[in-house]
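Chain identifiers are assigned alphabetically (A, B, ...) following the order of the sequence lines, protein sequences preceding nucleic acid strands; residue numbering begins at 1 within each chain.
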Amino acid sequence: MSKKKGLLKSFFSCITYKEKKHKKKFYIPEIDNEDATEDNNGQDKDTRIMKRGSLKNRRIKRPVPVSESNKENKPEYKKADDEKISTNIEENIKYIEDKFNFPINKDIVIRELTVAKKYKAFIAYMDGMVDRITINNFILRALMVNDEKFDEESNDKCKLDFILSNILQTNQAKKVDNPDEFMYEILSGNTLLYVDGCDFYISNETKGFDKRGVDKPLIEGVVLGSQEAFNENLRTNVTLIRKLIKNNNLTTEFIKVGNVNKQLCAVMSINGITNPAIVEEVKRRIKGIKSDMVLGDGLLEQFIEDNPYSIVPTVLSTERPDRAASHILEGKVAILVEGAPFAKIVPVTLPSLIHSPEDSYMRWPYGTLIRLIRFAAAFIATLLPGIYVAITSFHQEMIPTELLIAIAKAKENVPFPTIVEVILMELSFELIREAGIRIPGIIGNTLGIIGALILGQAAVQANIVSPVLIIIVSVTGLGNFALPNYSLALAARVSRFCFILLGTLLGFYGISIGIALFAILVTNIKSFGVPFFAPIAPKTKESSDLFFKKPAWQQIYRPDYLNTLKQKRQAKISRQWTEEEPKYSYERDEEDD
Amino acid sequence: MIKEGKFGTAEAVYLITLAIASKTFYTSIRVMIKKTGTAAWYMTLMSCLVSIIFFLLISLVMKRFPGKNLVEIFEIVTGRFFGKILALMFSAYYVYYAGSSLREFLEMIKAYNLPYTPPSLIIFAFMTVVVILAYIGLEGIARMATVSFYPIFIGLAIILFLAFPYYNVRAIFPIGGYGITETLKSGFFRSSAYDEVIILAFIINSINGVKTFKKVGVYSIVISGVALIFTCLCVIMAFDYTMASENVSDLFQLARIIYFSRFFQRIESIFLFIWIIASLIAVGLAFYVSISIFCKAFKISNHRPLILQFAFLTYMVSLLPEGLIELAKKNIVVMREYSMILIYGIPILVLFISVIFGKKGDRQCLKSVK
């Protein structure tokens, strides 16, 4: 019976109405009054933690703004606040703990100690960001062992002054009395020291986080020339450049960007060569970024570039210290961002984006030839598929007869119009390329097989595309790879599709219109005040390093468009030895020549 | 006052030269040969000289009023009312010029390349670029001209050079053409073909003063003159004067007959690219100048709001002629043969008036230059 009852019940339950069970749903409380929180200075406004109310709080209909709830829960300090450092050790510990959300956040380490068995003190640092050996050997041991030094008479009012000048053995140590500043010091891997009774901290250089070593360039590989590349550590990157430019006027300025992550940027230029206006402009733009997150150089570039809507990049990105150094020596400015293995060079022009770092290492005939090939590659990468579509659909008479017959034969069995073929192949090629970047290294070989077999051979055998088109697409791909600047290659990829479309619609006429449009847009953008097509349009002084590379000893001037403070980069006769008589230490006969 | 930016002497030369020399691609050569026969090539040399003389006369006007453009000079010399009317005449002429050139381009591209494409699509694509050029402004057009100057002239030289197997020097004889009177008359009136140089007088504030003005003008006329002379000579040598006077575009025909082997032939593609880009610059410049003159006459500080209206007017002008025949018989004749009466005549008239009434640029003019 019970079984039957159950059956009936379940049957009726299917056709009767039931109240829905009330489920507890998760929601994110809204923050209404952002303006009010804007006024709160310091870290508080940046890193708010949303404290979830207990069950009792659920009765409150309007969600309490997080800023207010924070205020309620804040322990009250007598003195330590965002403006001033307290002279009481307990308060300072509490303040730091609160600022770094101590019990929840386990990264902050506050180690209390007694200096010379007399003075209460503590050190604070971020776990993992510091070098423990430095802390153990040169801070803790120095503080706790040097008893006899403290017995000496000292007039210092505050013991920290005495410790700074006599006890601490770290290479860089400085006084910090601003809460914002000391928090930044902790965050960047330094160790703070505080002794009771003082109203400042000492920050010790103890950075010791893990970083990648200096490696070979991955993107801008060269046959000749330096094989060093930047890594993600800002200090290392700056040093790599400084290693190449041994000049006291090479200036590095640090600017913090981003409200939340406080990314450190280094602006490098040579004082006395670079036009100060460019440096000022770079600094002005970086300081003018009001954004919570500027992570890496790619984002920074987007924030500071002149024409954010332009298709071509107006900032040069390089991973090679030698290239960055050569641009700095020319009078440009390099921007390095912490965590990014690239230097951003400004201002740049289109020709310099097509130049490769290798050009300058080569003798002029090779450099010139390779450069011309690269210019041809840029044209191929942008225009070739478009021209192919235009020729096959509009201007068949322009193809030499034999070639026309060959193309027609190849296309004989293909059921699609040329445009479909081209789009199909181009998209497949883009897919292979995109997949090639994302694919894990171990299965990378498979991609080659898929690309070569399926797209190359099988597509032709299945009469989906004509073999001529495979050649066109491959050559286009090769042309694209020959472009030394990745962003420029991307610009070529994007504009290629536009040209295909224009070629399909209007043939050569469309492509010419496209070229004109492209030329108008590109010639009228600027990179930090310098017209993008600079040595050509507007025409500036003769450039010895444009399409044809002159021998290095003939490149007398820096680029004119940069208006550098020192135009000449070498003497008119840079090979002085050609003018001088050789001095021999031995007797020479005339016949020896 | 409208802000037009600054550019150097070289850019100005490229700009004006391209505006003048773009005619080589059109029906100009045919008409010249038809009018003067084998004398066409030196007839254009004469037009060139006449143009230079007129241009130097006009440069005297500019010298009298340093720092002022032609529209301002009109107003100073003839008063505000008449000055504006004169300026508007120029503005209207350039709308007419842009529209007619656009139509000429359309007719030719339809005849030679895109017979099945709807004309509206061709005009729309062309006008889009012209509007963008005008939107970006004079400096942009000058830069565009600088970038495309060498490719266009190298392309032209390639076409002329590669057709050399067809050149028959004997075709230029009898050298006298249809008689000296006809040559002189045509030469004088054909100086209209170089009157784009007057654009410089309207944009004088963008180049560095009268000295540059003179230099740029003379250089542009000479370079474009040389291009026209050589094209004309090559065409006569290749086709003979009878056949050359029948082709719609002689240069296109020349590009078409090039044949070196079975593989290297029919290089119209080079022709097409340079032709289209040169036309874009010429029409774009005329279009911009018409707006610019209008703005200067009515002291409008920003030319951009006027672009669409002027684009509409230009489009209307381009629709006026019924077909290529009417276009060639009316519009092009007005532009290339009689426009000099207006273009050179008015400034020279203004020069006379200013001399007679003793009007000169005042201190303020000089100050504005400094």
Measuring from A/I536:CD1 to B/T146:OG1, what's the distance to the nearest 0.5 Å?
-> 10.0 Å
Measure B/I281 against the heavy atoms of chain A and call it side chain, backbone, both or neither at under 4.5 Å.
-> neither
Answer yes or no: does atom NZ of B/K214 have more than 12 heavy-atom neighbours from other residues, nucleotides or ligands under 6.0 Å?
-> no
With a 4.5 angstrom heavy-atom cut-off, could you sort out which part of B/F7 is near chain A: side chain, backbone, both or neither?
-> neither
side-chain hydrogen bond (donor to acceptor under 3.5 Å, both in side chains) partners of residues 118-135 of chain B, not counting sequence neighbours, each pair once | none
Please check if atom CZ in B/F161 has more than 12 non-hydrogen atoms from other residues, nucleotides or ligands closer than 6.0 Å.
-> no
Would the number of heavy atoms belonging to other residues, nucleotides or ligands and lying under 6.0 Å from OH of B/Y219 be above 12?
-> no
Straight-line distance of B/I109 CD1 to A/S512 OG, nearest 0.5 Å | 7.5 Å
Pairs of heavy atoms under 4.5 Å with chain B: top-ranked of A/L505, A/I513, A/I515 = A/I513
Hey, is NZ on B/K6 packed in by over 12 heavy atoms from elsewhere, all under 6.0 Å?
-> yes
Drop me the distance from A/I387's CD1 to B/F273's CZ, to the nearest 0.5 angstrom.
-> 4.5 Å
Tabulate below the donor-acceptor pairs under 3.5 Å that side-chain atoms of residues 517-529 of chain A make, not counting sequence neighbours, or state none.
unit_1: A/T523; atom_1: OG1; unit_2: A/A519; atom_2: O; d: 2.5
unit_1: A/T523; atom_1: OG1; unit_2: A/I520; atom_2: O; d: 3.2
unit_1: A/N524; atom_1: ND2; unit_2: A/I520; atom_2: O; d: 2.8
unit_1: A/S527; atom_1: OG; unit_2: A/T314; atom_2: O; d: 2.8
unit_1: A/S527; atom_1: OG; unit_2: A/V348; atom_2: N; d: 3.0

Taking atom CZ of B/F124 as the centre, report whether more than 12 heavy atoms of other residues, nucleotides or ligands fall under 6.0 Å from it.
-> no
Contact class of B/F126 relative to chain A, heavy atoms under 4.5 angstrom = both
Neighbour count above 12 (heavy atom, 6.0 Å) for B/Y315 OH | no
Of the backbone (N, CA, C, O) and the side chain (C-beta and beyond), which part of A/F533 lies under 4.5 Å from a heavy atom of chain B, both, or neither?
-> side chain
Does atom CZ of A/F379 have more than 12 heavy-atom neighbours, drawn from other residues, nucleotides or ligands, at distances under 6.0 Å?
-> no
Rounding to 0.5 Å, atoms CG (A/L506) and CG (B/L121) come to a distance of 4.5 Å
Considering only heavy atoms and a distance below 4.5 Å, find which of B/T117, B/I277, B/L280, B/I276 pairs most often with chain A.
-> B/I276
Tell me whether the centres of the aromatic rings in B/F105 and A/Y509 are closer together than 6.0 Å.
-> yes
Could you look at B/A10 and say if it's the side chain, the backbone, both or neither that has a heavy atom under 4.5 Å from chain A?
-> side chain
A/F394 side chain near B/N113 side chain, heavy-atom distance below 4.5 Å | no
